[in-house]
Each structure stands twice: as structure tokens, then as C-alpha cells.
Amino acid sequence: MKDRIDRIISRIDKAVIGSGRKPGSVRLVAASKAISAQQLRLAIDAGVEIFGENYVQEAIQKIEALKGMPIHWHFIGHLQSKKAKYAVRHFDLIHTVDTIKVAFALNQEAKKINKIQDILIQVNVSGESTKSGVSIDCVLSLIKGISSLENLCLRGLMTMPPYADDPEQSRPYFKALAELKASIDRQSIPHIFMNELSMGMTDDFETAIAEGATMVRVGTAIFGERG
Ligand SMILES: *Cc1c(COP(=O)(O)O)cnc(C)c1O
């Protein structure tokens, strides 16, 4: 585990430097769905600081088991508004907001516990009908809706490109997400300052870094193939 994580961290550092970006400008989110708390402990010992979980119930068990450890929890799975209550109680950043309904639910639950919830918007850049995420055409109206929700803080955008064998096939989607972020920045929407781009996984994180990722979500390269 330690060797695999060291190798990922040095590949990240190399990609960051290779693309002329500031060292430390990309964070590793260890995608830990289906991985036990015991395994996560080893990952923490090896230097992982952020875990990304896909299922609220599964995550809560691990969060309880690892209470007090110096780590952050991100939610990277599909979020239903009925799970909003648990999501705001347990996650530092939610990567996958894609409807105003989910945003409202998160805002309401965050207000109840007096929290400002950090979120990203998941964008379906490819337009595949089976994918979660808001379409590029609808992002701006979603952001405008979110900008009036006082207990949410929008930090940036997230995407998952279509499955591909070759990381070069992901590049246009990463580029499109970075351009979308830049075009939103130019609109100067009140209360919206976005810095984060969550993109890149085991097979394409170096390409994502070259296109401006600030967070990469890596599972298989850290934990091995999921059973
Ligand atoms: C599982 C998962 C990942 C990690 O995928 P790997 O190919 O195993 O690195 C990243 N993002 C999301 C949303 C995931 O569900």
C-alpha cells in the first residue's frame, strides 16, 4: 500500500511540475468505495489525507471507525436529496451536486446544523444520457440558483469522462470543464468564486492535471481492482 501511494504521489508531483504548475496545487482524493476501514488505516499511515466515498451508509460506518484520524471525507457518488441530512453531517466536500433540488436539500440541512457546506457541481460534459451531472447548457442557471443559498459554498466543478482505454480520449472533456470554469469566472456571479476542478482517475489523472485538475480521484491504483 505504502509503495503504491508513494508512486501515485510522485506521479502527481511530476505531472504538476511537468505542466508548469505550482507544487502542491493538486490534491489526491483516495476513492475508497468497497474498501474496509482497516485498509483505509494503512492508506492513512502511508500519507492519504482525503477519502472519497460513493455511498452514504457505507461511508458513515468507516467515518465512525476512523473517528479522530487526521483525514477529510469527500462525497463523490450520486447524491439523492433524501440523503442530504447525512451528507452534510459527515462530508467536508460534496463533489456531485447536479440539480437545484439536491442543492436546496443540502442548504436546508446545513442551515439546521449551522454549517457552510462546500460543494462542487458535477457536469456531464459528454452528454451521455446514462451519466449523472448537469449538462453544460444548464450549468449557469444551476449556479445562479445556488448563489442565493446561504449555507452552500460552491468551490468548483467535477466531471467523469466516458470510459476510455487511452487517457488522450479524456483530454477534450477535461479541457471543456476547465474552459467552462473560466467562462463562469468571467461572468462575475455574486458570491461565486470557484477554484477547484475535480477530474482524473486511475487511468487518466496525469492528463487531467495537465488540463488544470486541482483534485484527482484515484481508487484502483491505490487499493487494487475492486472485487
Ligand atoms: C470509483 C471512482 C473513482 C476512482 O476510479 P479508479 O478508476 O478506480 O481510480 C473516481 N471517481 C468516482 C466518482 C468514482 O466512483
Side-chain angles (χ1 to χ4, degrees), residues 1 3-12 15 26-37 39-40 42-43 46-63 71-80 83 87 90-99 102 106 118-128 130-134 155-171 173-174 176-178 196-227:
M1 176 86 76
D3 284 350
R4 283 201 294 248
I5 290 170
D6 284 347
R7 228 173 299 141
I8 299 292
I9 291 173
S10 68
R11 280 172 62 190
I12 290 173
V26 177
R27 285 181 288 163
L28 171 63
V29 178
S32 48
K33 56 178 172 274
I35 308 299
S36 69
Q39 291 276 94
L40 300 198
L42 299 177
V48 167
E49 295 171 348
I50 306 170
F51 291 112
E53 288 280 343
N54 291 63
Y55 306 102
V56 173
Q57 286 330 94
E58 179 192 328
I60 289 173
Q61 293 184 358
K62 295 182 224 176
I63 292 168
I71 44 173
H72 296 281
W73 296 92
H74 290 189
F75 189 76
I76 64 174
H78 178 66
L79 186 61
Q80 298 165 283
K83 299 279 173 71
H90 294 285
F91 293 97
D92 301 299
L93 177 65
I94 297 167
H95 289 226
T96 49
V97 174
D98 63 355
T99 62
V102 166
L106 291 171
D118 286 334
I119 61 166
L120 307 179
I121 290 177
Q122 181 174 0
V123 184
N124 181 356
V125 179
S126 63
E128 290 168 287
T130 53
K131 267 232 161 85
S132 306
V134 61
R155 296 285 184 186
L157 306 176
M158 176 272 208
T159 199
M160 300 235 303
Y163 176 79
D165 296 323
D166 175 0
E168 279 309 311
Q169 289 178 270
S170 301
R171 191 184 294 277
Y173 301 100
F174 297 150
L177 196 72
E196 306 289 350
L197 283 175
S198 166
M199 55 189 197
M201 320 200 313
T202 289
D203 292 327
D204 55 18
F205 69 86
E206 283 138 322
T207 309
I209 290 170
E211 298 300 335
T214 62
M215 288 184 231
V216 293
R217 309 177 309 268
V218 179
T220 308
I222 294 175
F223 301 111
E225 294 288 340
R226 290 174 289 272

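Order of appearance sets the numbers: ligands from 1, and atoms from 1 within every ligand.
Taking the charged nitrogens against the carboxylate oxygens, E196 and R27 do have a contact shorter than 4.0 Å, which makes a salt bridge.
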V123 vs I121, side chain to side chain contact (heavy atoms under 4.5 Å, CB included): CA-CA, chis, key distance, verdict: CA-CA 6 Å; V123 184; I121 290 177; 4.2 Å; yes
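Using a 3.5 Å distance cut-off with no hydrogens or angles, the side chains of E128 and T130 do not pair a donor with an acceptor. T96 and D98 form no side-chain donor-acceptor contact under 3.5 Å, judged by distance and modelled atom types alone. Side chains of E53 and S32: a donor-acceptor N/O pair is present below 3.5 angstrom, by distance only.
Using a heavy-atom distance under 4.0 Å as the criterion, the protein contacts of ligand 1 are A31, K33, N54, I76, M160, M201, T202, R217, V218, G219, T220, R226.
For Q61, there are no side chain to side chain contact (heavy atoms under 4.5 Å, CB included) partners at least two apart in sequence or on another chain.
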